[in-house]
Amino acid sequence: MAFEFPHPIVQAPMAGGASTPSLAAAVSDAGGLGFLAAGYKTPAAMYEEIKQLRARTARPFGVNLFMPQPPAADPAAVEVYAEQLAGEATWYETPLGDWDRSADDAYDAKLAILLDDPVPVVSFTFGCPSPADLDALARAGTFTVVTVTSADEALAAHEAGAHALCVQGVEAGGHQGTHHDDPHADGAGAGLGLLALLAQVRESVPLPLMAAGGLMRGADIAAVLAAGARAAQLGTAFLPCPESGAHPLHKQALTDPLFVRTELTRAFSGRPARGLVNRFIREHGPYAPAAYPQVHYLTAGLRKAAAAAGDPQAMNLWAGQGHRLARTLPAAELVGTLVAELAAAQAASTRSIRESEPS
């Protein structure tokens, strides 16, 4: 990458509270790249977190923005889903949220702040910015990264002027960062695995790549670097860190044998997101409409009430497929452990190659 940091480890931006200034600072100070998540925050709250992070570290960091989303294609489907969730609202004694609101996540106002007071890196999820926006950030000295889930999205981001791509495999926890949400693509075959996707993107565009999706160990990082990535982005691995803002029940659930698998679901947000399968996903996932962020706002109060009641069965427990490998370590120690594991994996690979060569 034209933008460099000591170790090829990126802490994924995790919207909803998991990403904090403390977590990003610890990762950046340890030689990785920490990220703040601006999604769902007001522009003022985003800027306050940036100031807090700058007070904690002088190392580079990134901020992630959500791209504006189109209006709900079928508002009636959201109303039907709200009726289905009425029993949940009664059980948790909280009203359903007001879903009929702006879907742009205050993108323009957040971008204006980042142009007025630039940060080292800005990444984007749920779409690709305009060439003008990417050019403005580049002229401000900001390195830009666009999340992609297909070779076609990679080509579009390259043509728009992105400096690098975050290649997100279907193994990743949380939302799939697809540029266009297509409900017809839902199902068991939705999305490509990370290594297959990396290969396709690498052959499609000349940009540096960050790899994301189910990465939990240094050996995983070694694998994606060998496949052509310049860095690995990890989210679930950092969730249990004490600096993470994830709810304690969420952290515990990652390795709780009660939660045996993950799946992509629209139940909580209206967009495919990978989470630990719980009661809410089982009961409501099959009926959730393709309506993001409308469903996110509709269920926000339910999720908060479930957490307050100590009930993980109605919380959005986002997690990648490697969640059972989560380790409860301080963020800096986790980065150091991953770096050591990466070095060991690369050394073992080198020895294996040498031993296989004819003498």
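Note that the structure is a prediction, hence the values are computed from the model and not measured.
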If you compare all heavy atoms of [X] against all heavy atoms of [Y], which two are closest, and at what distance to 0.1 Å?
X: Arg279; Y: Ala314; answer: NH2-CB, 3.8 Å
X: Ser244; Y: Leu239; answer: OG-O, 2.9 Å
X: Val146; Y: Ala162; answer: CG2-CB, 3.7 Å
X: Thr262; Y: Ala319; answer: CG2-O, 3.8 Å
X: Val295; Y: Pro289; answer: CG2-CG, 3.9 Å
X: Pro60; Y: Leu33; answer: O-CD1, 3.7 Å

Between the side chain of [X] and the main-chain N/O of [Y], is any donor-acceptor distance below 3.5 Å?
X: Ser19; Y: Ala24; result: no
X: Gln168; Y: Gly177; result: yes
X: Ser269; Y: His296; result: no
X: Asn278; Y: Pro312; result: yes
X: Arg274; Y: Val170; result: yes
X: Gln11; Y: Val27; result: no
X: Glu153; Y: His179; result: yes
X: Thr57; Y: Leu53; result: no
X: Gln294; Y: Pro75; result: no

Non-hydrogen side-chain atoms of [X] and [Y] separated by less than 4.5 Å:
X: Tyr92; Y: Asp311; answer: yes
X: Arg266; Y: Asp181; answer: yes
X: Ile9; Y: Phe238; answer: yes
X: Leu194; Y: Gln321; answer: no
X: Asp105; Y: Pro293; answer: no
X: Thr299; Y: His284; answer: no

Listed pairs under 3.5 Å, donor-acceptor, residues 34-42 side chains, sequence neighbours left out:
| from | atom 1 | to | atom 2 | distance (Å) |
| --- | --- | --- | --- | --- |
| Tyr40 | OH | Tyr292 | OH | 2.9 |
| Lys41 | NZ | Ala37 | O | 3.2 |
| Thr42 | OG1 | Ala45 | N | 3.0 |

From CA spacing to verdict: side chain to side chain contact (heavy atoms under 4.5 Å, CB included), Ile50, Phe61: CA-CA 9 Å; Ile50 291 172; Phe61 63 90; 4.1 Å; yes
By side chain to side chain contact (heavy atoms under 4.5 Å, CB included) - contacts of His158 (at least two apart): Val205, Pro206, Leu207
Do the side chains of [X] and [Y] join up, straight or via other hydrophobic residues, at under 4.5 Å, putting them in one cluster?
X: Met46; Y: Val119; answer: yes
X: Leu276; Y: Leu264; answer: no
X: Tyr287; Y: Leu298; answer: no
X: Leu317; Y: Val277; answer: no
X: Met315; Y: Leu85; answer: no

Rounded to the nearest 0.5 Å, what separates atom [atom1] in [X] from atom [atom2] in [Y]?
X: Tyr107; Y: Gln69; atom1: OH; atom2: CD; result: 12.0 Å
X: Gln313; Y: Phe259; atom1: CD; atom2: CZ; result: 4.5 Å
X: Gln233; Y: Leu209; atom1: CD; atom2: CG; result: 12.5 Å
X: Thr94; Y: Leu302; atom1: OG1; atom2: CG; result: 6.5 Å
X: Tyr81; Y: Asp74; atom1: OH; atom2: CG; result: 14.5 Å
X: Glu283; Y: Glu88; atom1: CD; atom2: CD; result: 6.5 Å

Sequence-distant partners of Arg56, side-chain hydrogen bond (donor to acceptor under 3.5 Å, both in side chains), two or more places apart: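 With sequence neighbours excluded, Arg56 shows a side-chain hydrogen bond (donor to acceptor under 3.5 Å, both in side chains) to Ser22, given in chain and number order.
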Test side chain to side chain contact (heavy atoms under 4.5 Å, CB included) applied to Asp98 and Asp100, step by step: CA-CA 6 Å; Asp98 176 17; Asp100 189 13; 4.0 Å; yes
Test: Arg230 and Glu4 ion pair at under 4.0 Å: yes
Salt bridge present between Arg327 and Glu333 (N-O < 4.0 angstrom): no
Exercise: do [X] and [Y] side chains pair donor with acceptor under 3.5 Å:
X: Ser204; Y: Gln200; result: no
X: Asp116; Y: Tyr47; result: no
X: Ser102; Y: Asp104; result: yes
X: His175; Y: Thr125; result: no

Side chain to side chain contact (heavy atoms under 4.5 Å, CB included) between Ile113 and Lys110, intermediate numbers included: CA-CA 5 Å; Ile113 291 172; Lys110 292 173 182 177; 5.7 Å; no
Verdict with supporting geometry, Leu115 and Leu137, side chain to side chain contact (heavy atoms under 4.5 Å, CB included): CA-CA 6 Å; Leu115 290 172; Leu137 285 166; 3.7 Å; yes
CZ/Arg202: more than 12 non-hydrogen atoms of other groups inside 6.0 Å: no
Salt bridge (Lys or Arg N to Asp or Glu O under 4.0 Å) pairs, two or more places apart, involving residues 245-256: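 Sorted result for residues 245-256: empty, none.
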Arg282 vs Glu263, salt bridge (charged side-chain N to carboxylate O under 4.0 Å, His left out): CA-CA, chis, key distance, verdict: CA-CA 10 Å; Arg282 287 192 296 270; Glu263 71 175 46; over 6 Å; no
Aromatic plane relationship, His163 with Phe143 - under 30° parallel, 30 to 60° tilted, over 60° perpendicular: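 Phe143 vs His163 ring planes: parallel.
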Identify every side-chain donor-acceptor pair in residues 210-229 under 3.5 Å, counting partners at least two apart or on other chains, and give the distances.
| from | atom 1 | to | atom 2 | distance (Å) |
| --- | --- | --- | --- | --- |
| Arg217 | NH1 | Leu325 | O | 2.7 |
| Arg217 | NH2 | Leu325 | O | 3.3 |
| Asp220 | OD2 | Met216 | N | 2.8 |
| Asp220 | OD2 | Arg217 | N | 2.9 |

Qualifying residues under ring-ring contact (aromatic ring centres under 6.0 Å, His included), relative to Phe268, sequence neighbours excluded: Phe280, Trp318
